[in-house]
Visitor: 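Below you'll find the structure I mean.
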2 protein chains.
Amino acid sequence: MDISRHDIHSCEIPSLCKACEVRHKGMCGALNPDELTLLSRHTRQIEHPSGEELVGESTHVEAYDNIMRGVVKLSKTLEDGRQQIVGLQFAPDLVGRLYASESPMTAEAASDVEVCRVPRATLERLIDRNPALRKRLMEQALRELDEARDWMVTLGRKTAAEKVASLLLLIATHLDPDATGERRIFDLPMSRLDIADYLGLTIETVSRQFSRLKKDGIIAITANRHIEVLSLAKLQARCG
Amino acid sequence: MDISRHDIHSCEIPSLCKACEVRHKGMCGALNPDELTLLSRHTRQIEHPSGEELVGESTHVEAYDNIMRGVVKLSKTLEDGRQQIVGLQFAPDLVGRLYASESPMTAEAASDVEVCRVPRATLERLIDRNPALRKRLMEQALRELDEARDWMVTLGRKTAAEKVASLLLLIATHLDPDATGERRIFDLPMSRLDIADYLGLTIETVSRQFSRLKKDGIIAITANRHIEVLSLAKLQARCG
DNA sequence: ACCCGACCTTGATCAAGATCAATTTTGCCC
DNA sequence: GGGCAAAATTGATCTTGATCAAGGTCGGGT
C-alpha cells in the first residue's frame with residue numbers, strides 16, 4: 001500500500017489514520033509519513049466556540065488553521081462599522097491568506113469550530129516539498145476565486161428577493177451536495193444579521209423576504225434557523 | 001549568468017530576451033531556455049481590437065492568454081442580460097481559469113489588447129515542471145482573490161458616491177503606482193456602461209456622481225474619458 | 001415554569017438610486 | 001467643417017430597500 005496517498009475513508013493503518021483524521025483533515029492524501037510526523041510536532045488542535053475570532057483583520061498572522069469541523073465566516077469592515085461577509089469556509093479548507101504576513105480580513109467561527117493550527121513556516125515548507133498539498137491549496141484558491149466572483153454578480157446585480165433565494169440555494173446545495181428530489185431540510189449556519197451582511201442588505205429586508213418565501217409556499221421555517229425547502233425548482237426560479 | 005532566472009529588463013542575451021519580451025511577457029523570469037523553446041513552438045501572438053471577446057462564458061477552453069499589452073475585462077451575465085464586471089486584468093496577467101475546461105466567465109478586450117496564446121496542455125505541463133512559474137500563478141490567483149473580496153465590500157456596502165470614488169482611486173493608483181503628490185491624470189480604460197457594470201449601478205447614476213465630483217472640484221473631466229484628479233486626499237475621503 | 005435579553009418580525013415612512021424621457025456632447029467618417 | 005450615430009448628461013418621477021419604531025418569539029438560566 002502506498003502510504004503517501006492513503007485516504008481517510010479507506011486507510012488500512014489505523015494509528016496513522018487516526019492522527020490524520022483528527023489532526024490534519026484534508027491534508028491527509030497529500031502527506032507522506034515523515035511529513036505527517038513533522039506536522040504533528042508543530043501543530044495544535046484548538047476548539048473555538050461560535051462567535052470567537054480566529055484571525056483579526058489587519059493583524060499579523062503566525063499560523064494557518066485547517067478546519068476539522070464547523071463553519072468559518074470571513075468578513076471585512078469599513079471604518080464606520082459597515083460589514084460585509086466575503087466568504088464561508090468549511091472542513092477541510094485552510095483558513096488564512098497564504099504568503100501574506102498580515103490578514104486581509106477577519107475569520108470568525110460561525111458555528112462551533114475545531115481547527116488544527118499549523119505555524120506559517122511549517123506549512124510553507126511543506127507546500128514547497130509536497131506537490132499534492134500544493135495542488136490542493138491552489139485548487140482551494142481557484143475555487144474561492146470562482147465563488148467570490150459568482151457572489152459579486154449576486155451583490156451587484158440581483159434584487160433582495162433574488163439574493164435571499166440565492167443564499168438559500170447555496171446553503172441547501174452545499175450542505176447536502178448529493179441529495180435528490182425537490183425538498184431539502186437544514187439548519188442555517190448563521191444569524192439574520194450575518195445573512196444581511198453576506199447579501200449587502202439589512203436584517204429587516206432579509207426577514208421580509210423570508211416571510212414572502214414562506215407565504216408563497218416555497219419554504220417553511222420553524223425555530224428561526226431551521227429551514228425546510230419545499231420546492232427546489234421554485235427556489236431556483238427566484239435566483240435571477 | 002543564470003539564464004533560467006534572467007529578467008526582461010536586465011537580460012544580456014538579446015535574441016532570447018527579444019523572444020521572451022515579445023512572446024512571453026511576465027513568464028520570462030520563470031523559464032529556462034529549453035522551456036522557452038517548448039513554449040515558442042506552441043504559442044501564437046494575437047491582437048484583439050477593443051471590444052473583441054477573448055473567451056466566452058461557459059465555452060470550452062483550449063488555451064490561456066498571457067497579456068502583453070492592454071486591459072482585459074472579466075464579466076458574468078445573468079439570463080435576462082444583467083451584467084456584472086468581476087475583474088480587470090493587465091499585463092503580464094494570465095487570462096483563463098486554470099485547470100477548468102469550461103470558462104466561468106467572459107474575457108473581453110477593454111482596450112486594444114495583445115496576447116500570447118498558449119495551449120492548455122503546454123502551460124499545464126510547464127506549471128508542473130517549473131516552480132517559479134507556479135509561484136507566479138499562485139500569487140496571481142491569491143491577489144485576484146484579495147481584489148475580488150475587496151470589491152465585494154464596495155458592491156455590498158458602499159453608496160453610489162463611494163463606489164464611483166473607489167473606482168477612480170483604484171484606477172488612479174493602478175495606472176501609475178509610484179506617482180506622488182495630490183494630482184493624477186489618466187484616461188479611463190472603460191465606458192460609462194462598463195463602469196456601471198463594474199459598480200452595480202446604472203449609467204445615469206454614474207454620470208450624476210461624476211458631475212458631483214466635478215462640481216465639488218475634486219476631479220476635472222475633458223473629452224469623456226480623460227480624467228484629472230485634483231485632490232487625491234479628498235477623493236480618498238469619499239471612498240467610505 | 002418563569003424571566004430576561006437577544007434575535008426576529010412587522011408596519012409606517014423615507015430616501016437612494018432606478019427608470020423613463022429628452023437633450024447635449026463627443027468621436028468619427030466623409 | 002458638417003453630418004450622424006453612439007455615448008453621456010440632465011431632469012422628472014417611481015420603486016426598492018433603508019430607516020425608524022414597536023411588538024413578538026426563542027432559548028438559556030434559575
Side-chain angles (χ1 to χ4, degrees), chain A residues 49-51 73 78 80-85 110-112 154-168 187-216 219-227 238 240, chain B residues 49-51 73 78 80-84 110-112 154-168 187-216 219-228 238 240:
Chain A
S50 173
K73 192 177 89 186
L78 296 172
D80 63 4
R82 281 175 287 176
Q83 191 174 110
Q84 176 68 47
I85 293 181
S111 63
D112 289 348
T154 299
L155 287 173
R157 286 298 179 210
K158 291 191 185 176
T159 64
E162 291 167 339
K163 286 180 177 181
V164 171
S166 299
L167 180 65
L168 288 177
D187 284 300
L188 287 172
M190 59 209 316
S191 69
R192 296 290 187 275
L193 181 60
D194 282 339
I195 294 173
D197 282 343
Y198 201 13
L199 296 170
L201 298 170
T202 58
I203 46 172
E204 293 93 332
T205 298
V206 171
S207 182
R208 280 184 243 276
Q209 295 304 331
F210 271 30
S211 299
R212 197 148 83 82
L213 287 170
K214 209 162 53 179
K215 182 168 68 66
D216 294 353
I219 62 170
I221 307 179
T222 55
N224 276 346
R225 292 197 179 198
H226 191 77
I227 303 280
R238 299 208 173 190
Chain B
S50 173
K73 194 178 88 186
L78 296 173
D80 64 3
R82 280 175 287 174
Q83 190 172 109
Q84 177 68 45
S111 63
D112 288 348
T154 299
L155 287 172
R157 288 299 179 207
K158 291 191 184 176
T159 64
E162 291 168 339
K163 286 180 177 181
V164 171
S166 299
L167 180 66
L168 288 177
D187 285 301
L188 287 173
M190 59 209 319
S191 68
R192 295 289 187 277
L193 181 59
D194 282 340
I195 293 173
D197 282 344
Y198 202 12
L199 297 170
L201 298 170
T202 59
I203 46 174
E204 291 95 331
T205 298
V206 171
S207 183
R208 280 183 244 275
Q209 296 304 330
F210 272 27
S211 298
R212 197 150 82 82
L213 287 169
K214 210 162 54 179
K215 182 169 69 66
D216 295 351
I219 62 171
I221 306 179
T222 56
N224 274 348
R225 293 199 180 196
H226 191 75
I227 302 278
E228 226 169 304
R238 298 206 174 191

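Lettering follows sequence order; numbering is per chain, from 1.
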Visitor: Whether the side chain of B/R82 engages the backbone of A/R157 through a donor-acceptor N/O pair (distance < 3.5 Å, no angle test) should be reported.
Guide: yes
Visitor: Rounded to whole Å, please give me the gap between CZ in A/R192 and P in C/dC8.
Guide: 5 Å
Visitor: With the side chain of A/E204 defined as its heavy atoms from C-beta on, choose the nearest nucleotide among D/dT9, C/dT10, C/dC8.
Guide: C/dT10
Visitor: Counting side-chain heavy atoms from CB outward, which of C/dC8, D/dA18, D/dA8 is closest to A/L201?
Guide: D/dA18
Visitor: Does C/dC8 have OP1 or OP2 under 4.0 Å away from a side-chain N or O of A/S207?
Guide: no
Visitor: Using whole Å, report how far CG of A/D194 lies from P of C/dA6.
Guide: 16 Å
Visitor: Map A/R157 and A/R225 onto DNA chain C by nearest heavy atom, then report which one ends up closer to the 5' terminus.
Guide: A/R225
Visitor: Considering only side-chain heavy atoms of B/A223, which listed nucleotide, C/dT10, C/dG27, D/dG27, is closest?
Guide: C/dG27
Visitor: Just wondering, do B/L78 and A/K158 contact through their side chains at under 4.5 Å, heavy atoms?
Guide: yes
Visitor: In whole angstroms, how far is the C1' atom of D/dT25 from the CZ atom of A/F210?
Guide: 16 Å
Visitor: Using atom CG of B/L199 as one end and atom P of C/dA16 as the other, report the distance to the nearest whole Å.
Guide: 18 Å
Visitor: Nearest to the side chain of A/T202, heavy atoms from C-beta on, is which of D/dT9, D/dA18, D/dT10?
Guide: D/dA18
Visitor: Write down the distance between CG (A/N224) and C1' (C/dT10), rounded to a whole number of angstrom.
Guide: 14 Å
Visitor: As a test of reading the structure: which of C/dC8, D/dT10, C/dG17 is closest to the side chain of B/S211, going by heavy atoms?
Guide: D/dT10
Visitor: The side chain of B/R208 lies closest to which of these nucleotides: C/dT19, D/dC26, C/dA12?
Guide: C/dT19
Visitor: Given atom CD1 of B/I219 and atom C1' of D/dT9, what is their separation to the nearest angstrom?
Guide: 13 Å
Visitor: Can a salt bridge be assigned to the pair A/D197 and A/K73 using a cut-off of 4.0 Å between side-chain N and carboxylate O?
Guide: no
Visitor: Is there a side-chain contact between A/S191 and the phosphate of C/dC7, meaning an N or O under 4.0 Å from OP1 or OP2?
Guide: no
Visitor: Taking CZ from A/R212 and C1' from C/dT10, how many angstroms apart are they, rounded to a whole number?
Guide: 15 Å
Visitor: Which heavy atom in A/A196 sits nearest to a heavy atom in A/T202, and how many Å separate them?
Guide: CB-C, 3.6 Å
Visitor: What is the distance, to the nearest angstrom, from the CD1 atom on A/I221 to the P atom on D/dC26?
Guide: 12 Å
Visitor: If you compare all heavy atoms of A/A110 against all heavy atoms of A/S50, which two are closest, and at what distance to 0.1 Å?
Guide: O-OG, 3.0 Å
